[in-house]
Novice: 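Before I ask anything, let me first share the structure, which is written out below as structure tokens.
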Amino acid sequence: MTVEIQPIRGMNDVLPAEIGAWQRLDACVRELVASYGYEEIRVPIVEHTTLFKRAIGEYTDVVEKEMYTFSDQGGDSLTLRPEATAGIMRALISNGMLRGQRHKLWCVGPMFRHERPQKGRYRQFNQLDLEAVGLPGPDVDAELIALAARLWRRLGIERVRLEINSLGTPESRRAYRDMLVSYFREHESALDSDSRRRLEGNPLRILDSKNPQMHAIIAGAPLLTDHLDPESREHFAALCAALDSIGISYRINPRLVRGLDYYSRTVFEWITDALGSQDAVCSGGRYDGLIAQLGGEPTPGVGFAMGMERVVELLVQAGKAPPGRAADVYVVVSGARASAAGLGLVERLRDELPARRFDLNLGGGNFKAQFRRADRSGAALAVILGDDELARGVAAVKPLRNEAGQSECPLPELAAAIEAVLTGAAAPAE
RNA sequence: GUGGACGUAGCUCAGCUGGUAGAGUCCCGGGUUGUGAUCCCGGUUGUCGCGGGUUCGAGUCCCGUCGUCCACCCCA
């Protein structure tokens with residue numbers, strides 16, 4: 001045997017045993033986004049590296065150390081997308097879709113970040129992305145949050161809560177940033193090494209340090225919410241009022257900042273206590289300057305990204321992950337003639353009962369083995385076709401999940417008999 | 001990138017202070033010449049993650065390496 005090929009670290013297979021939760025989430029999402037008037041868009045997984053550098057920010061962790069970047073045969077620097085917003089905005093620009101138009105878009109697919117894998121964090125992971133472009137808000141901000149809230153409700157996920165904040169405009173944020181830097185400089189001796197490093201690059205990130213020794217200093221720092229420009233303050237107040245009016249509870253977290261540079265004004269995050277340290281399930285915000293920054297017609301935008309693996313994990317934990325649907329009928333065949341006739345019989349049954357699932361015994365096996373497989377398949381019913389039955393033009397029908405006895409049925413009436421037993425079995429007991 | 005725990009049969013795991021591997025499950029056959037889940041009997045399955053080292057002898061000790069999980073970090 002040759003040496004076994006390893007899977008790539010942090011890139012997982014979704015096996016049939018787990019697929020039920022994914023399919024449920026997928027179906028739920030498609031129905032939901034349609035009911036809010038969002039349209040699907042599909043964009044490439046690979047883009048020019050400069051797109052992400054310009055959109056996300058050169059000095060963010062994602063760009064600095066997490067991107068899968070490579071040169072193609074022509075020498076261009078390409079990158080596997082670490083997030084979806086940049087590519088979608090690029091698509092709007094490339095296809096001339098701006099010029100004052102509005103777009104409500106959704107997109108789902110794999111993202112790639114080279115991080116050390118742990119629970120809820122993988123190198124290839126799937127995100128659901130929603131983007132509303134051309135709408136300045138705050139009404140659309142509120143609706144987007146309501147959409148996410150409705151998804152949790154429909155999926156039966158309860159262990160999530162909402163935090164919101166406003167980052168203001170780039171100008172007000174810059175002014176606040178200067179205040180923050182001078183505050184932390186006064187207390188520089190008390191800062192840990194991480195925070196000192198951030199003081200240069202991204203001082204806002206000091207605010208969500210998890211180091212308990214930093215809490216006192218952070219608590220004394222000026223608050224972003226106290227230094228917003230008047231328009232942003234008004235925008236944020238209107239968002240809060242809209243959420244109040246539709247009964248969505250939230251917590252204002254003045255220290256909620258984002259790791260991607262393009263955000264402005266509204267930011268929000270749905271967090272959970274059920275996933276260990278990867279607690280963000282869905283997060284997003286407004287990016288009014290991004291499109292102009294990428295060379296497009298200046299257009300406001302707001303959106304969020306949801307980590308599908310994390311949602312699936314919450315579904316599983318909540319016991320809302322349905323098992324894969326089992327077969328309805330397992331067909332047992334025995335003897336040379338009956339085995340040969342089995343395929344044709346089951347093909348006919350599939351014509352007559354297209355909604356039912358038939359599992360024909362393949363690969364032979366004696367009766368004992370075939371019934372064992374029938375049992376393990378989860379089928380409600382076994383249909384038995386032996387040479388003896390075939391000669392008499394009948395098949396035996398045996399319920400596998402109750403004590404009702406086995407009966408025989410002429411082949412032309414078999415489909416009707418199967419349907420009758422299955423619907424009878426599905427009906428609640430009187 | 002840093003730290004901790006762990007890698008033994010397809011799967012879940014046992015294997016005490018070193019003496020050349022074991023259970024359950026799964027799968028297959030039989031008990032039941034054509035009837036599953038239960039029960040009984042039998043059978044197949046291992047480069048003990050990989051590479052070095054110590055030793056008469058290593059699954060067990062040491063070093064390295066790869067992987068998994070968790071935390072830091074980061075984020076969805």
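The chains referred to below are lettered A, B, ... by the order of the sequence lines, with proteins before strands, and numbering in each begins at 1. Bear in mind the structure is a predicted one, so any value in this text is a computation, not a measurement.
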Novice: A:D288 versus A:P136: any side-chain heavy-atom pair under 4.5 Å?
Specialist: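 No, every pair of side-chain atoms sits at 4.5 Å or beyond.
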Novice: Is the side chain of A:H103 donor-acceptor paired with the backbone N or O of A:M97 at a distance under 3.5 Å, no angle test?
Specialist: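 Flag set: sc A:H103 to bb A:M97 pair under 3.5 Å.
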Novice: Decide if atom CZ of A:R337 counts as having more than 12 heavy atoms of other residues, nucleotides or ligands within a radius under 6.0 Å.
Specialist: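 At most 12 heavy atoms, drawn from other residues, nucleotides or ligands, come within 6.0 Å of this atom.
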Novice: Measure from the side chain of A:N366, starting at C-beta and using heavy atoms only, and say which of B:rC75, B:rG36, B:rG30 lies closest.
Specialist: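 Minimum distance to the A:N366 side chain belongs to B:rG30.
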Novice: In whole angstrom, give me the gap between the C1' atoms of B:rG18 and B:rC48.
Specialist: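 The same atom, C1', in both gives a distance of 15 Å.
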Novice: Should we count CG of A:L15 as having more than 12 external heavy atoms under 6.0 Å?
Specialist: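 Yes - once you tally the heavy atoms of other residues, nucleotides and ligands closer than 6.0 Å, there are more than 12.
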Novice: Under 3.5 Å for both donor-acceptor distances, Watson-Crick or wobble: does B:rU25 have a partner, and if so which one?
Specialist: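 Paired with B:rG10.
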Novice: With respect to the side chain of A:A280, which nucleotide from B:rA76, B:rA37, B:rC73 is positioned closest?
Specialist: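 Closest nucleotide to the A:A280 side chain: B:rA76.
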Novice: Side chain of A:P117 only, heavy atoms from C-beta on: which candidate in B:rC69, B:rU35, B:rC73 is closest?
Specialist: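 The answer is B:rC69, which lies nearest to the side chain.
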Novice: Whole Å only: how far is the CD atom of A:Q6 from the C1' atom of B:rU68?
Specialist: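 One finds 11 Å between C1' of B:rU68 and CD of A:Q6, rounded.
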Novice: Whole angstrom is fine here: how far is it from CZ in A:R116 over to P in B:rU68?
Specialist: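 The answer, rounded to whole Å, is 10 Å.
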Novice: Do you know the tightest heavy-atom contact between A:Q124 and A:P110?
Specialist: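 Scanning both residues, the minimum pair turns out to be NE2-CB, 3.5 Å.
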Novice: For a quick check of understanding: with a heavy-atom distance under 4.0 Å over all strands, which category does A:G276 fall into, base, sugar-phosphate or nothing?
Specialist: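 If one applies the 4.0 Å heavy-atom cut-off, A:G276 turns out to touch the sugar-phosphate alone, with no base involved.
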Novice: Quote, to the nearest angstrom, the C1' distance that separates B:rC27 from B:rG36.
Specialist: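 B:rC27 and B:rG36 have their C1' atoms separated by 16 Å.
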Novice: RNA chain B: A:I8 or A:N126, which has the more 5' nearest nucleotide?
Specialist: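 Nearest nucleotide further toward 5': that of A:I8.
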Novice: Starting from P on B:rU68, measure out to CG on A:N12 and report it in whole angstrom.
Specialist: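 About 9 Å, once rounded to whole Å.
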Novice: Does atom CZ of A:R42 have more than 12 heavy-atom neighbours from other groups under 6.0 Å away?
Specialist: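 Open: at most 12 neighbouring heavy atoms sit under 6.0 Å from CZ of A:R42.
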Novice: Say we look at B:rU38 and B:rC26: how far apart would their P atoms be, to the nearest angstrom?
Specialist: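 Here B:rU38 and B:rC26 have their P atoms 7 Å from each other.
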Novice: Does a side-chain N or O of A:S277 approach OP1 or OP2 of B:rC72 to a distance below 4.0 Å, or not?
Specialist: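 Answer is yes, contact under 4.0 Å.
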Novice: Rounded to whole Å, how long is the line connecting atom CZ of A:F112 with atom P of B:rA76?
Specialist: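 These atoms are roughly 16 Å apart.
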Novice: More 5' along RNA chain B: A:D387 or A:E83, using each one's nearest nucleotide?
Specialist: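 Comparing both residues, the 5'-ward one is A:D387.
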Novice: If you only use heavy atoms from C-beta on, which nucleotide in B:rU35, B:rG67, B:rA71 is closest to the side chain of A:R9?
Specialist: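 The nucleotide sitting nearest to the side chain is B:rG67.
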Novice: Going by purine N1 to pyrimidine N3 plus the second Watson-Crick contact, or the G-U wobble pair, all under 3.5 Å, which nucleotide sits opposite B:rU65?
Specialist: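 B:rG49 is the nucleotide pairing with B:rU65.
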Novice: Are any of the side-chain heavy atoms of A:D273 and A:D279 separated by less than 4.5 Å?
Specialist: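 When only atoms from C-beta onward are counted, A:D279 and A:D273 do not touch, as no gap falls below 4.5 Å.
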Novice: Indicate, with a heavy-atom threshold strictly under 4.0 Å, whether A:K65 touches base, sugar-phosphate, or nothing.
Specialist: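 The residue A:K65 makes no contact with any strand.
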Novice: Using atom C1' in both nucleotides, what's the gap between B:rG43 and B:rC66 to the nearest angstrom?
Specialist: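 Straight-line distance between the two C1' atoms is 36 Å.
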Novice: When you check the phosphate oxygens OP1 and OP2 of B:rC75, does a side-chain N or O of A:R310 lie under 4.0 Å from one of them?
Specialist: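 No.
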Novice: Answer yes or no as to whether B:rG34 has its base stacked against A:F367, where stacking requires a ring-centre separation under 5.5 angstrom and planes under 30 degrees apart.
Specialist: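 One would call A:F367 stacked on the B:rG34 base.
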Novice: Tell whether A:R372 reaches the base of B:rU35 with its side chain through a donor-acceptor pair below 3.5 angstrom.
Specialist: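 Result: no qualifying N/O pair found.
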Novice: In whole Å, what separates the C1' atom of B:rC62 from that of B:rU54?
Specialist: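 My reading of the C1' atoms in B:rC62 and B:rU54 gives 7 Å.
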Novice: Closest approach to the side chain of A:A305, judged atom by atom: which nucleotide of B:rC28, B:rA76, B:rC73 is it?
Specialist: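 Closest of the options to the side chain of A:A305: B:rA76.
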Novice: Once you apply a heavy-atom cut-off of 4.0 Å, does A:L128 come out as touching a base, just sugar-phosphate, or nothing?
Specialist: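 Nothing, no nucleic acid heavy atom in range.
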Novice: Using a cut-off of strictly less than 4.0 Å, decide whether A:R81 has a side-chain nitrogen or oxygen near OP1 or OP2 of B:rA76.
Specialist: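 Looking at the OP1 and OP2 atoms of B:rA76, neither is under 4.0 Å from any side-chain N or O of A:R81.
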Novice: A quick test of your reading: do over 12 heavy atoms of other residues, nucleotides or ligands sit less than 6.0 Å from NZ of A:K53?
Specialist: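 Not buried by this count: 12 neighbours or fewer within 6.0 Å.
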Novice: To the nearest Å, how far apart are A:L144 CG and B:rA76 C1'?
Specialist: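 One finds 15 Å between C1' of B:rA76 and CG of A:L144, rounded.
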Novice: Sort out the partner of B:rG1 for me: Watson-Crick or G-U wobble, both distances under 3.5 Å, none otherwise.
Specialist: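 When the pairing criteria are applied, B:rC72 turns out to be the nucleotide that pairs with B:rG1.
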Novice: Does a side-chain N or O of A:S334 approach OP1 or OP2 of B:rG34 to a distance below 4.0 Å, or not?
Specialist: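 So the side-chain polar atoms of A:S334 never come under 4.0 Å of the phosphate oxygens OP1 or OP2 of B:rG34.
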Novice: Given the P atoms of B:rU8 and B:rU60, what is the spacing between them in whole Å?
Specialist: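 Looking at atom P only, B:rU8 and B:rU60 are 13 Å apart.
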Novice: Between B:rA58 and B:rU45, how many Å separate the two C1' atoms, rounded to a whole number?
Specialist: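 Between the two C1' atoms, the distance is 24 Å.
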Novice: Among B:rG36, B:rC73, B:rC75, which is the nearest nucleotide to the side chain of A:F371?
Specialist: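 Given the options B:rG36, B:rC73, B:rC75, the side chain of A:F371 is closest to B:rG36.
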Novice: Ignoring backbone atoms, test whether A:Q118 places a side-chain nitrogen or oxygen under 4.0 Å from the OP1 or OP2 oxygen of B:rA71.
Specialist: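 Looking at the OP1 and OP2 atoms of B:rA71, one of them is under 4.0 Å from a side-chain N or O of A:Q118.
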Novice: Counting Watson-Crick and G-U wobble pairs only, both distances under 3.5 Å, name the nucleotide matched with B:rU44, or none.
Specialist: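 Check on B:rU44: unpaired, no WC or wobble geometry under 3.5 Å.
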Novice: Say we look at B:rA14 and B:rC75: how far apart would their C1' atoms be, to the nearest angstrom?
Specialist: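 That atom pair is separated by 40 Å.
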Novice: In whole angstrom, what separates A:D279's CG from B:rC73's P?
Specialist: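 Distance check: A:D279 CG to B:rC73 P gives 11 Å.
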Novice: Parallel, tilted or perpendicular: which describes the rings of A:F367 and A:F371, with under 30° parallel and over 60° perpendicular?
Specialist: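 A:F367 and A:F371: parallel rings.
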Novice: Answer with yes or no whether A:Q406 presents, from its side chain, a donor or acceptor under 3.5 Å of a partner atom in the base of B:rU35.
Specialist: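 Yes, a donor-acceptor pair under 3.5 Å.
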Novice: Nearest of B:rG36, B:rA71, B:rG34 to any side-chain atom of A:E389?
Specialist: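 Nearest listed nucleotide: B:rG34.
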Novice: Once you round it to whole Å, what is the distance between C1' of B:rA76 and NZ of A:K119?
Specialist: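 Taking NZ of A:K119 and C1' of B:rA76, I get 15 Å after rounding.
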Novice: Between A:Q118 and A:S277, is any side-chain donor less than 3.5 angstrom from a side-chain acceptor?
Specialist: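 Judged by distance alone, the side chains do pair up.
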Novice: Write down the protein N/O and nucleotide N/O pairs, taken from nucleotides 38-44 of chain B, whose separation is under 3.5 Å; answer none if there are no such pairs.
Specialist:
none

Novice: Could you state the CE-P distance from A:M306 to B:rA76, rounded to the nearest angstrom?
Specialist: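 The answer, rounded to whole Å, is 13 Å.
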Novice: Should the heavy atoms of other residues, nucleotides or ligands under 6.0 Å from CZ of A:R102 be counted, would the total exceed 12?
Specialist: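 Count not over threshold, so no.
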Novice: Counting distance alone, no hydrogens or angles: does the base of B:rC73 have a donor or acceptor under 3.5 Å from a partner atom on the side chain of A:R121?
Specialist: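 Flag set: donor-acceptor pair detected.
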